[in-house]
Amino acid sequence: MTTFAHTEIFDPGRVDALLRSAPAFDRGRFAEVLDKAGRLEGLTQEEIAFLLRVDTPEDRQALAAVAIRVKEAIYGPRLVLFAPLYTSSHCTNECLYCGFRSRSNTPRRRLSLDEVRRETEAIIAMGHKRVLMVAGEDPLLTARDLADQMAAIYSVTTPKGNIRRVNVNCAPLDIDSFRLLKEVGIGTSQCFQETYHPETYQKMHPKGPKSDMGNRLHVFDRCIRAGIDDFGMGVLFGLYDHRFEVLALMEHIAWLEREFGIGPHTISIPRLEPAEGTDVYETTPWKVSDGDLIKVTAILRLAVPYTGIILSTRESAALRRELLRVGVSQMSAASITNPGGYAEGEGTVPQFAVQDHRSLDEVIREVCQDSYIPSFCTGCYRKGRTGGKFQEMAKHQHIDTFCSLNAVATLQEYLEDYASEETRAVAERRLGEFIERQADPEMRRRMQDWRARIKKGERDIPY
Ligand code: SAM
């Protein structure tokens, strides 16, 4: 193993040792660990390493059952929806697994500000209110340009509404660049480590700025120093042993909490997909099975109960359903991963293959049928409830009070402005049941009142 220079964040040797020394599976210990996790107390690294050994279908089910309970207790039936908006597929990096890698000679596209606005209009016309702006590491797209693109998204107002929150997934920036994004109202700043395994990292990122693993590992320090306390972490499952990745990610989180007093607002769980011009998907020895992705999601839900888990475009509708039960609290819907794709349809090559091709209306109908309340939630951000403040609120179970009302309001807005007859019927019924089940009569009254106001034409009611 080459020397690893960032042991202040996590120590690959320690992660290996944790995996090797995790005690053999023992039913008594399993029950104890699940019991503790069920009390929303999180998990130690040793407990995570132990749970990663769970293997039989019965034990996987027992693990999933506790994760389902924990998810229900903290998030209830709410599910936040968003759409990715790709602004550039140019990239100077050579990530071996990515359709945007520099050497692949697929056609590229960088959107002008007018095109960003058109793309935004198309996304608003679908019914979305939250966007994840995504861009390759494009040398001709400066931080000022990224800030201008964000501002362009926020500037679009149509008779049916606007985008109320822009999260960003771009190359790791420096502090001044993050400050620019902060000035134009960035929501969550997202960056995936891809892999924490140093040798695999070097092998997968042989060229370009991304080959500096330390620069990527320190991205959240710079974010926090720039005043952005809302950040999203993740690894790309399938590049290396998922058990190593989970433990290293948790070490990174523990370090951020020690150094800065805050952890991630969200963790994403992307899994490697086939992409044009690369065979990493076909050749990787580390493919993560559906069962293991469900197990990892359940373990993350128990390890960091108050951190949102994001599922993206990549997974099939059937697997999404399982992942939602055990831990996912946000997901993208009706996504397009090529710049300009919402407004103009197919054009340039997408970043990777999307498995879920349902429209937003279908997703909303199906998640309502599965007893969720889809939400385009945006209230916290406008109220300054981000980063540490959001996590404190979650720990005191206040998510229920604030987020439930916001979920009801934004779903009702969707039903008034966009839904098909069929979706409207299903979702109206679901909202009615959800409101009836509220324990607090004052909350029930307020939800009914807001619903009625929205039906009469009010939008984005302040609270
Ligand atoms: N350029 C930015 C960066 O380097 O962070 C944004 C990267 S990319 C546009 C967004 C994410 O897509 C990456 O962080 C990676 O995890 C994911 N990705 C790349 N190739 C993928 C593939 N073949 N399958 C699934 N996800 C992929």
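Note that ligands are numbered from 1 as they come in the structure, with each ligand's atoms numbered from 1 the same way. When a residue number appears, it is its place in the shown sequence, counting from 1.
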Residue pair Arg108 / Ser88, side-chain donor-acceptor N/O under 3.5 Å: no
Test item: Lys71 side-chain N/O and Leu324 main-chain N/O as donor-acceptor pair under 3.5 Å: yes
Check: Asn93 N/O within less than 3.5 Å of ligand 1 N/O: no
Heteroatom distance test (Ala135, ligand 1): nitrogen or oxygen, under 3.5 angstrom: yes
Tyr86-ligand 1 polar pair, N/O distance under 3.5 Å: no
Atom indices of ligand 1 within 4.0 angstrom of Cys98 heavy atoms, with elements: 19 (C), 20 (N)
Minimum heavy-atom distance Pro374-Leu411, with the two atoms named: O-CB, 3.5 Å
Under-4.0 Å heavy-atom contact with ligand 1, by part of Glu276 that carries it: neither
Closest to atom 4 (O) of ligand 1 (judged by heavy-atom distance), picking from Lys210, Glu137, His205: Lys210
Donor-acceptor pair between Glu94 and Ser102 side chains, under 3.5 angstrom: yes
Within reach of ligand 1, part of Arg271 (heavy-atom separation under 4.0 Å): backbone
Taking distance alone, no hydrogens or angles, what donor-acceptor pairs closer than 3.5 Å link side-chain atoms of residues 59-69 to residues at least two apart or in another chain?
from, atom 1, to, atom 2, distance (Å)
Asp59, OD1, Arg27, NH2, 2.9
Asp59, OD2, Arg27, NH2, 2.5
Asp59, OD2, Thr56, OG1, 3.0
Arg60, NE, Asp55, O, 3.0
Arg60, NH1, Gly291, O, 3.2
Arg60, NH1, Asp292, OD1, 3.1
Arg60, NH2, Asp55, OD1, 3.3
Arg60, NH2, Asp292, OD1, 3.0

Sub-4.0 Å atoms of ligand 1 with respect to non-hydrogen atoms of Glu194: 13 (C), 14 (O), 15 (C), 16 (O)
Ring-face cation contact, Tyr201 with Lys210, 6.0 Å cut, 45° max: no
Would you mind writing out the side-chain donor-acceptor pairs for residues 245-254 within the sub-3.5 Å range, not counting sequence neighbours?
from, atom 1, to, atom 2, distance (Å)
Glu245, OE1, Tyr196, N, 2.8
Glu245, OE2, Thr195, OG1, 2.7
Glu251, OE2, Arg14, NE, 3.1
Glu251, OE2, Arg14, NH2, 3.3
Glu251, OE2, Gln45, NE2, 3.1
His252, ND1, Tyr196, OH, 2.8
His252, NE2, Leu217, O, 3.3

Which segment of Cys95 sits under 4.0 Å of ligand 1 when only heavy atoms are counted: neither
Region of Tyr97 engaging ligand 1 - heavy atom pairs below 4.0 Å: both
Ligand-side contact atoms (ligand 1) for residue partner Val134, heavy atom cut-off under 4.0 Å: 9 (C)
Those atoms of ligand 1 less than 4.0 Å from some heavy atom in Gly136: 1 (N)
Aromatic ring pairing Trp255/Phe260, orientation class (parallel under 30°, perpendicular over 60°, tilted between): perpendicular
